[in-house]
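The structure under discussion appears below in the form of structure tokens.
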Amino acid sequence: MQDFFKAEKVADNVYWVGAVDWNVRNFHGYKTGRGSTYNAFLVIDEKVTLIDTVKAPFLHEMLARISSVIDPSKIDYIVSNHSEPDHSGALTMTIEAVKPEKVFASPMGEKALKAYYGDLGVTVVKTGESISLGKSAVSFVETKMLHWPDSMVTYLDSAKMLFSQDAFGMHLAGSRLWADEYDRSVLEHEARKYFANILNLQAAKVLDLLKALPTLNLDIRTVAPDHGPLWRRPEDIKWILDLYFDCATQAPRPYALVAYSTMWHSTEKLANTIADGIRSTGVEVKVADLAVNDRSAIMTDVAKAGAVAFGAPTMNNQMFPAMADVLTYVKGLRPQNKIGLAFGSFGWSGEGAKQIAAELTAMGIEQPVEPFFQVKYMPTEADLQKAFDCGVKLGQELLARIGK
């Protein structure tokens, strides 16, 4: 049967041979509402080279795209920039199909691939090393903890192209390959969401990489990540680098998130009233019920916010489970430079808001307004007034800290 998957040329002798995953909606807990891509690239030279592979179910699509350019058995080298299975899942089957001379990975990449798939005979490459492909060469830079210990990027000198694995990417499926073919607002939302949920934990490492890039003396004309569209215009490359710098510095901004769970609408009333108090100070605010907002959406707003307020009722002497889930997730991503407020409602014992406050403290989120604020059963007019006042104080404190 004829295959209709075709490679797409991205530079002289360089082709995109990846796969589009239109239907993925959950990427290890991260909701991918727009799907994703698994980008792989074929370099045609004396040594035909495949840069990265794809998630295992998409092996056929990748091989079909390669076949539209060259017989896959002609591939000499495979470079594995990152061993996570969305990039390496098809690697062993690709090796079986093409029988390459060599497979290259970073030192930690070799260990990770061996742990996943057994001994693949990987050739280790380190920062500063390069290999000749014939008329062109590829060089390597290890980017440890961006976002795994094995991560590295590969630079193709002839095309002035940086294959950046997970850096500068996003989960965005589409029939268009280049970032300049998408609406900028879509790119910004998905790039910020990706950073918040994948890279925020390693924000300091991102800053180190951004500072180091100019010292590597690489003439980068194209940035090709492993997820989402590619960057080819100078202004777009600058834009994504600047966005990463903004995300990584985590500077507080006049934006607040009020996230809550509720059973009988008591905590919901407090959340909306706190939000009105914040809004009265001129700070933009978003209110998010955890019943309809997943943890990755919450983390995206936490990363954007200078102030966060989390509220939940007490159930069985614990904070409501949905809140515990979100706080565990957010804490693991280590947001910085936030102020916060814990609030809630209870009927019997009242541990919920106290536990939220303890989690915020564990994250390093200062709570300058109240140690915690909660009400018994349904809030009274006096309770709602206090909730509004807490919102005002939180908004004013945020503005004072950012100098507005």
Regarding Arg184 and the six-membered ring of Trp239, is the cationic atom NZ or CZ under 6.0 Å from the ring centre and inside 45° of its axis? yes

Between Tyr182 and Arg176, is there a cation-pi geometry (under 6.0 Å to ring centre, at most 45° from the normal)? yes

In the structure I gave you, are the side-chain heavy atoms of [X] and [Y] within less than 4.5 Å of one another anywhere?
{"X": "Thr267", "Y": "Ser261", "answer": "no"}
{"X": "Tyr244", "Y": "Leu199", "answer": "yes"}
{"X": "Phe27", "Y": "Asp86", "answer": "yes"}
{"X": "Tyr260", "Y": "Leu290", "answer": "no"}
{"X": "His28", "Y": "Glu84", "answer": "yes"}
{"X": "Thr37", "Y": "Leu172", "answer": "no"}
{"X": "Val369", "Y": "Ile339", "answer": "no"}
{"X": "Met299", "Y": "Lys193", "answer": "no"}

Side-chain donor-acceptor distances from residues 124-135 under 3.5 Å, at least two apart:
residue: Thr127; atom: OG1; partner: Glu142; partner atom: N; Å: 2.8
residue: Glu129; atom: OE1; partner: Lys126; partner atom: N; Å: 3.3
residue: Ser132; atom: OG; partner: Gly134; partner atom: N; Å: 3.2

With sequence neighbours left out, write down each residue that passes salt bridge (Lys or Arg N to Asp or Glu O under 4.0 Å) with [X], or none if nothing qualifies.
{"X": "Lys238", "value": "Asp242"}
{"X": "Lys393", "value": "none"}
{"X": "Lys99", "value": "none"}
{"X": "Glu96", "value": "none"}

What distance separates [X] [atom1] from [Y] [atom2], expressed to the nearest 0.5 Å?
{"X": "Leu42", "Y": "Arg65", "atom1": "CG", "atom2": "CZ", "result": "12.5 Å"}
{"X": "Glu8", "Y": "Leu177", "atom1": "CD", "atom2": "CG", "result": "4.5 Å"}
{"X": "Asp76", "Y": "Asp45", "atom1": "CG", "atom2": "CG", "result": "9.5 Å"}
{"X": "Ile356", "Y": "Glu351", "atom1": "CD1", "atom2": "CD", "result": "12.0 Å"}
{"X": "Ile75", "Y": "Ile95", "atom1": "CD1", "atom2": "CD1", "result": "11.0 Å"}
{"X": "Leu327", "Y": "Ile365", "atom1": "CG", "atom2": "CD1", "result": "8.5 Å"}

List for me each residue that meets ring-ring contact (aromatic ring centres under 6.0 Å, His included) alongside Tyr30, sequence neighbours excluded, and say none if there are none. His171

Look at the side chain of [X] and the backbone N and O of [Y], then say whether any donor-acceptor pair between them is shorter than 3.5 Å.
{"X": "Ser106", "Y": "Asp150", "answer": "yes"}
{"X": "Gln374", "Y": "Gly350", "answer": "yes"}
{"X": "Glu284", "Y": "Pro254", "answer": "no"}

Could you check Asp157 against Ser136 for side-chain hydrogen bond (donor to acceptor under 3.5 Å, both in side chains), going step by step and ending with a plain yes or no? CA-CA 6 Å; Asp157 61 358; Ser136 59; 4.7 Å; no

Testing the basics here: between [X] and [Y], what is the closest heavy-atom pair and its distance to 0.1 Å?
{"X": "Leu230", "Y": "Phe41", "result": "CD2-CE2, 3.7 Å"}
{"X": "Ser83", "Y": "Ala112", "result": "OG-CB, 3.1 Å"}
{"X": "Ala203", "Y": "Gln250", "result": "CB-NE2, 3.5 Å"}
{"X": "Ala305", "Y": "Lys338", "result": "O-NZ, 2.7 Å"}
{"X": "Gly391", "Y": "Ile278", "result": "O-CG1, 3.3 Å"}
{"X": "Ala387", "Y": "Ile274", "result": "O-CG1, 3.4 Å"}

Return each pair, listed once, that meets salt bridge (charged side-chain N to carboxylate O under 4.0 Å, His left out) where at least one residue sits in [range]; pairs must be two or more places apart or across chains.
{"range": "residues 256-278", "answer": "Asp276-Arg279"}
{"range": "residues 107-123", "answer": "Glu110-Lys114"}
{"range": "residues 302-329", "answer": "Arg295-Asp325"}
{"range": "residues 29-43", "answer": "Arg34-Glu190"}

Assess whether side-chain contact (heavy atoms from CB on, under 4.5 Å) is satisfied between Leu384 and Val375, documenting all intermediate values. CA-CA 9 Å; Leu384 292 174; Val375 303; over 6 Å; no

Is it true that [Y] and [X] share a donor-acceptor pair across their side chains at a distance under 3.5 Å?
{"X": "Ser68", "Y": "Tyr15", "answer": "no"}
{"X": "Ser349", "Y": "Asn317", "answer": "yes"}
{"X": "Thr154", "Y": "Asn81", "answer": "yes"}
{"X": "His87", "Y": "Asn39", "answer": "no"}
{"X": "Asp21", "Y": "Tyr38", "answer": "yes"}

Phe245/Leu207 under side-chain contact (heavy atoms from CB on, under 4.5 Å): CA gap, chis, key distance, verdict: CA-CA 7 Å; Phe245 182 81; Leu207 287 175; 3.6 Å; yes

Between Asn13 and Ser158, does a side-chain hydrogen bond (donor to acceptor under 3.5 Å, both in side chains) hold up when you go through it step by step? CA-CA 9 Å; Asn13 299 314; Ser158 59; over 6 Å; no

Can you check whether Phe372 and Phe343 have ring centres sitting under 6.0 Å from each other? no

Would you check if the distance from the ring center of His227 to the ring center of Phe168 is below 6.0 Å? no

NZ/NE/NH1/NH2 to OD/OE distance under 4.0 Å, Arg401 and Glu366: yes

Does anything in residues 122-157 pair up under ring-ring contact (aromatic ring centres under 6.0 Å, His included), and if so which pairs, sequence neighbours excluded? His82-His147, His82-Trp148

What ring-ring contact (aromatic ring centres under 6.0 Å, His included) pairs are there with at least one residue in residues 299-336, not counting sequence neighbours? none

Kindly check if the number of other-residue, nucleotide or ligand heavy atoms within 6.0 Å of CH2 (Trp22) is above 12? yes

Evaluate the salt bridge (Lys or Arg N to Asp or Glu O under 4.0 Å) criterion for residues Asp246 and Arg192: first the C-alpha distance (whole Å), next the side-chain angles of each, then the deciding distance (0.1 Å), finally the verdict. CA-CA 10 Å; Asp246 180 63; Arg192 287 189 180 277; 2.9 Å; yes

